[in-house]
Undergrad: 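This is the structure, below, for whatever I ask next.
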Amino acid sequence: MTDNTARLTELAKRRGFFFQSSEAYGGVAGFYVYGPEGATLKENVQDAWRDRFVRREGHMEIESPTVMPEPVFEASGHLDGFDDMILECPECGTSHRADHLVEDNTDIEEAESIPIPEVEEIIAEAELVCPTCGTDLAGEPVDDFNLMFGTNIGPGSSSPGYLRPETAQGIFVEFPRLKEYARGQLPFGVAQVGPAYRNEISPRKGLIRLREFAQAELEHFIDPETDEPPLAEVEDVEVTLYSAAEQDADGGAPQTMTVGEAVAEDVITSDWVAYYLGVAKDWYARIGVDMDRFRYRQHNEGELAHYAADCWDAEADVTAPGAEPDWVEITGFAYRGDYDLSKHGEYADEDFTIFKQYDDPITVERATVDPDMSYLGPEFGGDAAAVADALEALAERDRSAFEGDEVSVDVDGEELTVPVEKTGFAVEETTESGEHITPHVVEPSFGVDRIVYTVLAHSYREEDLGEASEDASGEAASEADDEDEERTVLSLPPEVAPKTVAVFPLMDKDGLGERAREVADELRAAGFEVAYDASGSIGRRYRRQDEVGTPFCVTVDYDTLEDDSVTVRDRDSTAQARVGLDELATRLRTLRAGETSVSDL
RNA sequence: GCGCCGGUGGUCUAGUGGUAGGACCUGAGCCUUCCAAGCUCAUGGCCCGGGUUCAAAUCCCGGCCGGCGCACCA
């Protein structure tokens, strides 16, 4: 941890951005509170995300429960993936997957499904040793290691459930209804912003690894055969790419190129992933991520998740400029193929496919049967249904079997004969207008808390203003040449800053306070997030707002009482301009949108 | 989960076997006509449990929490 990080954390606590939860009871690891400033900042980041990845893309957003029943996670693979057996070597401290040890050193396969006591016995009997240092592992306890938070749905334990480890499953599980909503047409995207839960072994670094965290995930369902992303829209976006090949190479380094070049040179293999890397890069910049401390890194093969075909992470260096980089994964861009929908289709009762209509219907000749059950029933009793199924299968497989007067089928090893006339055998031409396909999924998955932290870290600045202000009165400059003015600033983009404008009376007397409160109230009515502060000197109040990233400060002074004008002060430059109250709200709107700056006023 | 280090007002910190000071912040008042000025006053603290001791915030043990390293990270 750099000094910078410590000071940012201190600021976050003191000014209400984020802090550890339940400290009154000793605290609990991995759970954080967003204070008044932080909650608004996070909300603003999420709104900016919705604006770009839902609204602008024409996608839809849903909100699904955080608790889902166990079978969901049997299908998704999370139950197996989470339920690891961990065995720690008493000598060297290395942790091993107990099931892997058993599989590697015995004839046993699928050791994962063996109960833990038996695994411990097997390890003792087979005299397994630590693969790292050779120490005998007999008698060492095997621990269950489950990263999902479990719970019970309703009374008793007959209906186990889990807190979702990613918001994505809430989308996949509801795919059958969502596709109806989308009227069966690909492509479409479904997003979800909300909490997910992982019972991390060791939560670390404040907001960076939490047990309850917020995700903003987009599941973009596409037809892999025909759907193409609008790559042209982002082909000129410059991105810094750290490919798997570069990571493996000696002296390999990230490369900067346009998205178009990266696709042309096959650095990024999926056009869809490339598209979202381009879109996201501009979005990160928009919310205040410093592009000099940002890169995309490709997962190498060993890192790929069980579902992912190709995956790039957005990474941010959250240390101060010039410090040893500390790269944190803030988003995963994965091409998940049809993994999720196929699995749910397999395990669940409903249909997780889309009917894809052919351009022109095709005609196929098909052999069918329509058995006369009033004959089969009396003839074969309980086997009648099996006979009918066998006839149907036979018709598909070998229509020549129906050419004689009788046809024989095999049911449970018994050969049964049916007159062909009772089978309803026919060869028909049927028209097929399409086929059922399982859509592929492109998934940009954003870690909101890590992004909020990155934005704070990249906005944080300790600034030496040099000799005291040169703006207003010339005398200040002359007498302050021996002491430097310092300040701490969060240069948050106005769009995400918790407060857009702060209103002060220059003095809290002579009616200035009352006038300033009116101005604050008018701005609130006009839709701004407004802070009001009358305490301490004017300079102290500017510094307070600098520390929480408020981009604009409005001061009511004695001239205001005369001519209904106020000063507007810019956080980053500390420049000031005089603005009439009648146009204040309009001016602030253009300032917030970045269309003008205070020095232009 | 293991190892090392740590835990004192809101924040940052000093400190001793006899229950604690500072700085900043915050609040009230005075002063002050635009960038952390000054003065007065005020609020507020030894992580939790057990042990040793006449006496523990201080020493010991355990827990919780944090930082770092290892392991883990679908």
Side-chain angles (χ1 to χ4, degrees), chain A residues 1 5-7 9-16 19-31 35 73 76-84 86-97 132 141 143 145 147-148 165-166 168-169 196 198-206 208-209 299 303-308 311 329 332 334 336 339-340 445 465 468-473 476 479-480 483 485-488 504-510 512 535-547 553-561 566-571 574-576 578:
Chain A
M1 285 257 156
T5 309
R7 286 205 292 272
T9 305
E10 186 267 316
L11 172 73
K13 267 192 274 196
R14 197 162 39 80
R15 291 298 193 189
F19 48 87
Q20 202 182 8
S21 71
S22 301
E23 285 192 300
Y25 290 91
V28 53
F31 295 90
F73 300 108
S76 72
H78 287 102
L79 208 54
D80 274 352
F82 268 147
D83 220 14
D84 294 343
I86 292 293
L87 175 63
E88 187 168 324
C89 173
E91 199 58 39
C92 67
T94 314
S95 286
H96 304 284
R97 287 274 299 262
T132 309
D143 287 323
F145 177 76
L147 276 185
M148 279 199 294
E166 56 177 4
Q169 293 307 322
R198 298 178 191 181
N199 202 358
E200 297 285 353
I201 309 169
S202 171
R204 284 286 166 84
K205 295 183 178 178
I208 300 300
R209 190 184 299 174
H299 282 203
E303 238 178 320
L304 285 176
H306 61 245
Y307 54 72
C311 188
E329 172 195 340
R336 291 174 78 132
Y339 177 87
D340 302 278
S445 170
L465 290 177
S469 59
E470 314 160 39
D471 40 285
S473 53
E479 74 183 55
E483 45 187 297
E485 292 283 332
E486 281 181 19
R487 64 169 186 165
T488 300
F504 316 137
L506 184 58
M507 301 291 147
D508 197 6
K509 62 181 185 185
D510 302 329
L512 292 183
S535 161
S537 74
I538 191 74
R540 179 182 298 275
R541 284 176 264 163
Y542 285 140
R543 294 294 195 271
R544 283 185 189 132
Q545 295 304 321
D546 288 343
E547 271 199 337
C553 293
V554 165
T555 301
V556 168
D557 59 18
Y558 286 94
D559 290 348
T560 310
L561 303 180
V566 292
T567 59
V568 175
R569 176 261 197 186
D570 176 63
R571 175 195 63 205
T574 76
Q576 285 181 312
R578 194 129 202 124

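All chains are named by letter (A, B, ...) in the order of the sequence lines, taking the proteins before the strands, and each is independently numbered beginning at 1. Treat the numbers as computed from the prediction; the structure is a model and nothing was measured. Side-chain atoms are counted along with the backbone in the values below, which use heavy atoms only and exclude waters and symmetry mates.
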Undergrad: Counting C-beta onward and ignoring hydrogens, is there a side-chain heavy-atom pair between A:Arg198 and A:Arg209 closer than 4.5 Å?
TA: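 No. Closest side-chain heavy atoms not under 4.5 Å.
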
Undergrad: Give me the atom names and distance for the closest heavy-atom approach of A:Phe73 to A:Pro165.
TA: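 In this case the closest contact between A:Phe73 and A:Pro165 is CE2-CD, 3.4 Å.
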
Undergrad: Whole angstrom is fine here: how far is it from CE in A:Met507 over to P in B:G29?
TA: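 Rounded to the whole Å, the gap is 15 Å.
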
Undergrad: Using the P atom in both, what is the distance from B:G45 to B:U11, to the nearest Å?
TA: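 Per the computed distance, 12 Å lies between those P atoms.
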
Undergrad: Is there a side-chain contact between A:Glu547 and A:Leu11 in this structure, where contact means two heavy atoms from C-beta onward sitting under 4.5 Å apart?
TA: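 SC-SC contact between A:Glu547 and A:Leu11 confirmed.
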
Undergrad: Applying the side-chain contact (heavy atoms from CB on, under 4.5 Å) criterion to A:Pro505, which one of A:Thr555, A:Leu512, A:Asp557, A:Ile538 satisfies it?
TA: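 Passing option: A:Leu512.
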
Undergrad: Rounding to an integer number of angstrom, what distance separates B:C46 and B:A57 when you compare their C1' atoms?
TA: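 Nearest-Å result for B:C46 against B:A57 at atom C1': 4 Å.
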
Undergrad: B:C25, OP1 or OP2 - any side-chain N/O from A:Arg540 closer than 4.0 Å?
TA: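 A:Arg540 to B:C25 OP1/OP2: side-chain N or O found under 4.0 Å.
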
Undergrad: Given atom CZ of A:Arg14 and atom C1' of B:C25, what is their separation to the nearest angstrom?
TA: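 Roughly 7 Å, once rounded to whole Å.
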
Undergrad: To the nearest Å, how far apart are A:Tyr542 OH and B:U32 P?
TA: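 Nearest whole value for this atom pair: 19 Å.
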
Undergrad: How many whole angstroms separate atom CZ of A:Arg544 from atom P of B:C34?
TA: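 Taking atom P of B:C34 as the reference, CZ of A:Arg544 is at 18 Å.
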
Undergrad: Nearest heavy atom decides the nucleotide; on that basis, is A:Ser537 or A:Gly27 closer to the 5' end of RNA chain B?
TA: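 Result of the comparison: A:Ser537.
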
Undergrad: Using atom C1' of each nucleotide, how far apart are B:G22 and B:C70 to the nearest Å?
TA: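 Straight-line distance between the two C1' atoms is 39 Å.
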
Undergrad: In whole angstroms, how far is the P atom of B:C64 from the OH atom of A:Tyr25?
TA: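 Spelled out: OH on A:Tyr25 to P on B:C64 is 18 Å.
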
Undergrad: Should A:Gln20 and A:Lys13 be marked as a side chain to side chain contact (heavy atoms under 4.5 Å, CB included) after you check the CA-CA gap, both sets of side-chain angles, and the distance that decides it?
TA: CA-CA 9 Å; A:Gln20 202 182 8; A:Lys13 267 192 274 196; over 6 Å; no

Undergrad: Could you tell me whether the phosphate oxygens of B:G27, OP1 or OP2, come under 4.0 Å of any side-chain nitrogen or oxygen in A:Ser535?
TA: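 Checking A:Ser535 against B:G27: at least one side-chain N or O falls below 4.0 Å of OP1 or OP2.
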
Undergrad: Could you provide the dot-bracket string of RNA chain B, using ( ) for intrastrand pairs, [ ] for crossing pairs and | for bases paired to another strand, with Watson-Crick or G-U pairs below 3.5 Å?
TA: (((((((..((((....[..)))).(((((.......)))))....(((((..]....))))))))))))....

Undergrad: Tell me the interatomic distance from A:Asp508, atom CG, to B:C31, atom P, rounded to whole angstroms.
TA: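 One finds 13 Å between P of B:C31 and CG of A:Asp508, rounded.
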
Undergrad: For the C1' atoms, the ones on B:A28 and on B:G7, what distance do you get once it is rounded to whole angstrom?
TA: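 Each nucleotide's C1' atom is 33 Å from the other's.
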
Undergrad: What's the closest nucleotide to the A:Thr574 side chain, out of B:A36, B:C35, B:C73?
TA: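 Within the option list, the nearest is B:C35.
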
Undergrad: Would you measure the distance from the C1' atom in B:U32 across to the matching atom in B:U19 and give it in whole Å?
TA: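 Result for the C1' pair: 42 Å, nearest Å.
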
Undergrad: For a quick check, tell me whether the side chain of A:Arg15 and the base of B:G10 share a donor-acceptor pair closer than 3.5 Å.
TA: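 Side chain to base: no pair present.
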
Undergrad: Per the atom types in the model, does the base of B:C34 pair as donor or acceptor with the side chain of A:Gln576 at under 3.5 Å?
TA: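 Counting by modelled atom types and ignoring angles, a donor-acceptor contact under 3.5 Å is found here.
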
Undergrad: Ignoring backbone atoms, establish whether A:Arg543 has a side-chain N or O less than 4.0 Å from OP1 or OP2 of B:A36.
TA: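 Indeed, a polar side-chain atom of A:Arg543 lies that close.
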
Undergrad: Can you measure A:Leu506 atom CG to B:C35 atom C1' for me and round it to whole angstrom units?
TA: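 From A:Leu506 CG to B:C35 C1': 11 Å.
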
Undergrad: Please confirm whether the shortest side-chain N or O distance from A:Arg7 to OP1 or OP2 of B:C12 is below 4.0 Å.
TA: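 So the side-chain polar atoms of A:Arg7 never come under 4.0 Å of the phosphate oxygens OP1 or OP2 of B:C12.
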
Undergrad: Check whether the side chain of A:Arg541 and the base of B:C35 form a donor-acceptor pair under 3.5 Å.
TA: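 By the distance-only test, no, there is no pair.
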
Undergrad: Looking for any heavy atom pair under 4.0 Å, which part of the strands does A:Thr567 touch: base, sugar-phosphate only, or nothing?
TA: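 Counting heavy atoms under 4.0 Å across all strands, the contact made by A:Thr567 includes a base.
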
Undergrad: Rounding to the closest angstrom, what is the interatomic distance between B:U40 and B:G63 at atom C1'?
TA: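 Going atom to atom, C1' in each nucleotide, I get 46 Å.
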
Undergrad: Can you find a heavy atom in the side chain of A:Gln169 that is under 4.5 Å from one in the side chain of A:Asp340?
TA: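 Yes; the side chains approach each other to less than 4.5 Å.
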
Undergrad: Are A:Arg578 and A:Thr560 packed together at the side-chain level, in the sense that at least one heavy-atom pair is separated by less than 4.5 angstrom?
TA: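 A side-chain contact under 4.5 Å exists here.
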
Undergrad: When all nucleic acid strands are considered with a 4.0 Å heavy-atom cut-off, which category describes A:Gln20: base, sugar-phosphate, or nothing?
TA: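 Since only primed, P, OP1 and OP2 atoms lie under 4.0 Å of A:Gln20, the category is sugar-phosphate.
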
Undergrad: Flag the pair A:Thr574 / A:Arg487 as yes when at least one side-chain heavy-atom distance between them is below 4.5 Å, and no otherwise.
TA: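 Yes - at least one pair of side-chain heavy atoms lies under 4.5 Å apart.
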
Undergrad: It should be established whether A:Lys509 places a side-chain nitrogen or oxygen under 4.0 Å from OP1 or OP2 of nucleotide B:C31.
TA: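 For B:C31, OP1/OP2 do not have a side-chain N/O of A:Lys509 under 4.0 Å.
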
Undergrad: What is the separation between atom NZ on A:Lys13 and atom P on B:G10, rounded to the nearest whole Å?
TA: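 From A:Lys13 NZ to B:G10 P: 11 Å.
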
Undergrad: With rounding to whole Å, what would you report as the distance between B:U13 and B:G17 at their P atoms?
TA: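 It comes out at 22 Å once rounded to the nearest Å.
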
Undergrad: Between B:A14 and B:C48, how many Å separate the two C1' atoms, rounded to a whole number?
TA: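 It comes out at 24 Å once rounded to the nearest Å.
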
Undergrad: Start with the C-alpha gap between A:Cys553 and A:Arg541, add the side-chain angles, then the distance that decides, and say whether side chain to side chain contact (heavy atoms under 4.5 Å, CB included) holds.
TA: CA-CA 9 Å; A:Cys553 293; A:Arg541 284 176 264 163; over 6 Å; no

Undergrad: Record whether the side chain of A:Arg569 comes under 3.5 Å of the base of B:C34 through a donor-acceptor pair of N or O atoms.
TA: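 Answer no: no donor N or O sits under 3.5 Å from an acceptor.
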
